[in-house]
> 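Right, I'll just put the structure down here and ask away after.
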Amino acid sequence: MASGTQWGAGSWGQPAEGQRSSPGACYRELSRFPAISCAALGATAGGRAFLLHTECSQPDLPRRRLLRFSRHYSVQRTERGLTVSRAALSTEIHNRLLGQDSPSGQRRAVLVRCPLRGHELLEVWDGSGRSHSVDLTALGKHGAVYTEGPFACLAWSHLETQLLYVAEKSRPTLPAACPGHVPEAARPAEDEDEEGERFVYHEGWGERLNTRSAPVLCMLDIKSSSVSVLESVPEHVSPGQALWSPGDTGVVFVGWWHEPFRLGLSACSNRRSGIFHLELASGHCELLSAPNRASFSPRLSPDGQHLLYLEGAVGGPHRQCLQLRLLTWQMRQTVTVLDVVQEPTGSESSFTGIYTDALPPQCWAADSRRALLCTPQRSRTDLLLVDTETATVTNLTAGSPEGCWELLTIQWDLLVATCSAPHRPPSLVMAELPPLGQELPLRWVPVEDTPPVPGITWKTLTVQQNSALHNPQPFEALLLSPTGGTTPHPLVVCPHGGPHAVFDARWRPSMAALCWLGFAMLLVNYRGSLGFGQASIECLQSRMGEQDVADTQLAVEQALRYEPLDPHRVALLAGSHGAFIALHLLTRQPERYQACALRNPVSNLPALLGTSDIPDWRYTSLGLPYSFQRVPHVEDLVVMLQRSPIIQAPRVRAPVLLCVGARDRRVSPTQALELYRVLRAHRVPTRLLWYPEGGHALTGVETEADVFGNCARWFLQHLGRPPVGQHGP
């Protein structure tokens, strides 16, 4: 088994060892590092000085809420490079839903919610204070504004006189039902058209988007404070991701087809969508991209001459390798800048394809030729620079000790990014983009430098396949290990969900906390994971429940053979499709695993056909054809059931903890309930945690902390408490 560079743990203090034994103390200490969500630069006179504004969040565990706050920095561009200093104290952000700086950086639009009335207000701020405030709710032109997810946007016109955003289509507000009988004669005549409308079903867009049904494009004229809903959007698509066309004469947007019904959109880049242009004066709407593709994430170049966007296939795997497409605005000609990579070739740092779900909001260099994006590259997420004229890629972060890079913005050729690693919380860094052809090496300047946490090392393991197997390419796994205590360490195995996702080498507080408790963590990127080429993704089709399970077990056996790990104390920790893999491992290797903790597990494939927001995946994952008209056949159900771990559940011996979100639209909570009953009937020690407001990802400050605490205590109970060193909270 080959391994990459192993990164050390840095230097912190030596805290008391007794605190180390508490899961709650470990989690509190390691979850306190802020996550940086966005950044914006504003230029001052002369173009040598800038103001950097960032927005951050961190769990406020005592108050069971997410604390959001802003930080401000002064940036100086000198002959010797960049210098950065704090410009103001951090300030908490209250009631803000969206925010966007104007192109000049002199104004900022913010969407806020009034805490007393619950109204949504769109405000404009400048150097003198708040210049405009519009009560969108009181105007009644539309429903709630979309503030997150694939549809959401807040876009300034180039002249900074108008704003674009997306909201739910307005529906008539029906009066509350009366408990008593209302005579027909007493009903107002104007209510006749609304009769029978109260309980009409409005189909949502699935997990995390269940309340999002019919988005509309909205435009605010700042001077008149008037709002209009753009009426010329084709009726067969749902619009989002809007921006202004050159000259502010029209609107570019993404339209997702929603007929005959909506399929889940979250984490699904394979839904049919197109890039549209709506001419405001004439109302003419044209499709700019290919008609039967999944096109999204449009970004207009600074000179207004080119539109960059992502494009992929419709159907098939929910996440795939994507094309980077470039449209010349005047000529309406489109070329492929970067194509799908089937099988990466060359060194480990060679380009493996694009797998991101969106381009950075600001991704163009000032020359309108180069663009930047972040995407998984094997078990890393790297920052790539693309020359759109020569179609060449430069990896700006390959080989860096940080395994995950995320670009927050690029303005005036100043890059603002975050970087992290499994042992290092996110740091905020800046760099100046050199001239064309001189990009490497890039000189990063720390803005907020977070040191590595002690007590953790990590490495990338390369798992070699038997050459006789189908698609015998190697895959990878990340191994996090405690540095203190006595070896061999107990091992917690984590196959990721998706299945077309990836464990990149980023900071994950819960994984680091388990390391502090003495567990080694094996994060498996089995064949089918993102970042390894399209062929790797496709090779899992029709082999679900077989190849992914075998790959995970192979990674476990090789890790146990070559690393200082205890083969008698091995547990599984996984969610969704990862839990599907874990259940198969429990039934096929009952002597290998001593405990298991699962989040929203997939256990009964046929039962998901009528309960999941992605019924297409039940067919596609097993190599079966899918269409909107498809109804299940007996043969289909037999194949699905044969791949379902529920039928082998009586073979499970290890204690199982189930963490279930009652509002999960992707994997129905009935999956876990059925599994719970089967395991209990066969006298398997089983515990079920029910989160009434939890969705598929089980997010939220209180929920995440409770899930971690219960999983950690489950492993301590059933694997025994590992000896630990001196590092900890």
Side-chain angles (χ1 to χ4, degrees), residues 33-58 68-93 96 99-110 125-128 156 160 299 301-302 359-368 370-374 383-385 396-397 400 402 404-420 424-436 438-451:
F33 298 99
I36 306 165
S37 56
C38 62
L41 282 164
T44 59
R48 308 295 295 179
F50 305 86
L51 292 175
L52 172 61
H53 166 84
T54 64
E55 294 186 6
C56 312
S57 64
Q58 63 184 145
R68 300 173 59 233
F69 59 95
S70 61
R71 287 173 171 170
H72 307 270
Y73 308 88
S74 175
V75 181
Q76 299 288 331
R77 205 177 212 166
T78 68
E79 293 181 357
R80 291 178 295 178
L82 298 176
T83 60
V84 184
S85 60
R86 280 282 184 97
L89 296 176
S90 301
T91 56
E92 186 173 357
I93 298 173
R96 184 185 299 178
Q100 182 63 50
D101 284 10
S102 65
S104 67
Q106 302 302 308
R107 311 171 86 186
R108 176 174 297 156
V110 294
W125 293 73
D126 56 25
S128 301
W156 282 89
E160 303 187 4
R299 302 290 186 263
S301 61
L359 296 172
Q362 302 284 340
C363 69
W364 282 98
D367 57 14
S368 293
R370 293 173 294 173
L372 294 102
L373 60 91
C374 297
L383 175 58
L384 309 181
L385 182 139
L396 300 177
T397 56
S400 67
E402 298 81 18
C404 178
W405 290 78
E406 296 178 318
L407 180 68
L408 299 177
T409 188
I410 174 172
Q411 296 168 263
W412 298 285
D413 279 349
L414 295 177
L415 284 71
V416 183
T418 63
C419 57
S420 71
R424 183 177 183 179
S427 293
L428 181 66
V429 295
M430 289 189 67
E432 196 169 3
L433 184 65
L436 180 68
Q438 304 175 32
E439 292 88 1
L440 293 177
L442 204 59
R443 295 177 56 191
W444 292 102
V445 176
V447 180
E448 292 284 349
D449 192 17
T450 308

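Any value given below was found using the heavy atoms of this structure, including those in side chains, with hydrogens, waters and symmetry copies removed.
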> I'd like to check Val416 versus Val447 (side-chain heavy atoms, cut-off strictly below 4.5 Å). Are they in contact?
no
> Quick one: closest heavy-atom pair of Ala40 and Asp101, and the distance?
CB-OD2, 3.4 Å
> Let me confirm one number: the NE2-OG1 distance from His72 to Thr54, rounded to the nearest 0.5 Å.
7.5 Å
> Using 0.5 Å steps for rounding, measure from the CG atom of Leu385 to the CG atom of Leu440.
8.5 Å
> Arg443 and Leu82: side chain to side chain contact (heavy atoms under 4.5 Å, CB included), yes or no, with the steps?
CA-CA 9 Å; Arg443 295 177 56 191; Leu82 298 176; over 6 Å; no
> Who passes side chain to side chain contact (heavy atoms under 4.5 Å, CB included) against Pro34, sequence neighbours left out?
Cys56, Gln58, Phe69, Arg71
> Residues in side chain to side chain contact (heavy atoms under 4.5 Å, CB included) with Ala109, at least two apart?
Leu154, Trp156, Leu163
> Name all residues meeting the side chain to side chain contact (heavy atoms under 4.5 Å, CB included) criterion together with Ser37; count only those two or more places apart in sequence or in a different chain, and write none if there are none.
Glu55
> Any sub-3.5 Å donor-acceptor pair from Thr450's side-chain atoms to Pro426's backbone N or O?
yes
> Are side-chain heavy atoms of Leu408 and Pro360 found at a separation under 4.5 Å?
no
> Listed by chain and number, what are the side chain to side chain donor-acceptor pair (under 3.5 Å) partners of Asp367, not counting sequence neighbours?
Arg370
> With sequence neighbours left out, what residues match Trp405 under ring-ring contact (aromatic ring centres under 6.0 Å, His included)?
Trp444
> Looking at Ala365 and Ile410, what are the two nearest heavy atoms and their distance?
CA-CD1, 4.1 Å
> Can you check whether Val429 reaches Cys419 side chain to side chain, under 4.5 Å on heavy atoms?
yes
> I need the Gln76 CD to Thr83 OG1 distance, nearest 0.5 Å.
5.0 Å
> Verify, without hydrogens or angle tests, whether Arg299 (side chain) and Cys363 (backbone) share a donor-acceptor contact under 3.5 angstrom.
no
> So, for Leu51 and Ser74, which heavy atoms are closest and what is the spacing to 0.1 Å?
CD2-CA, 4.5 Å
> Is the shortest heavy-atom distance from the side chain of Pro434 to the side chain of Leu442 under 4.5 Å?
yes
> Taking the side chain as every heavy atom from C-beta outward, state whether Leu414 and Met430 have any pair of such atoms under 4.5 Å apart.
yes
> Run the salt bridge (Lys or Arg N to Asp or Glu O under 4.0 Å) test against Arg77 and tell me which residues pass, sequence neighbours left out.
Glu432
> Find out whether Leu415 and Leu383 are in side-chain contact, i.e. whether some heavy atom of one side chain is under 4.5 Å from a heavy atom of the other.
yes
> Who pairs with Ser128 by side chain to side chain contact (heavy atoms under 4.5 Å, CB included), at least two apart in sequence or on another chain?
Asp126
> With sequence neighbours excluded, what pairs up with Glu92 under the side chain to side chain donor-acceptor pair (under 3.5 Å) test?
Arg65
> Which residues satisfy the side chain to side chain donor-acceptor pair (under 3.5 Å) test with Glu160, sequence neighbours excluded?
Ser102, Ser104
> Does some side-chain heavy atom of Arg424 sit less than 4.5 Å from a side-chain heavy atom of Asp449?
yes
> Taking the side chain as every heavy atom from C-beta outward, state whether Leu373 and Leu407 have any atom pair closer than 4.5 Å.
no
> Checking Glu448 now: which residues fulfil side chain to side chain donor-acceptor pair (under 3.5 Å) with it, not counting sequence neighbours?
Tyr73, Arg86
> Is it true that a side-chain atom of Arg68 and a backbone atom of Arg96 form a donor plus acceptor pair closer than 3.5 Å?
yes
> Which residues pass the ring-ring contact (aromatic ring centres under 6.0 Å, His included) test with Trp412, sequence neighbours left out?
Phe50
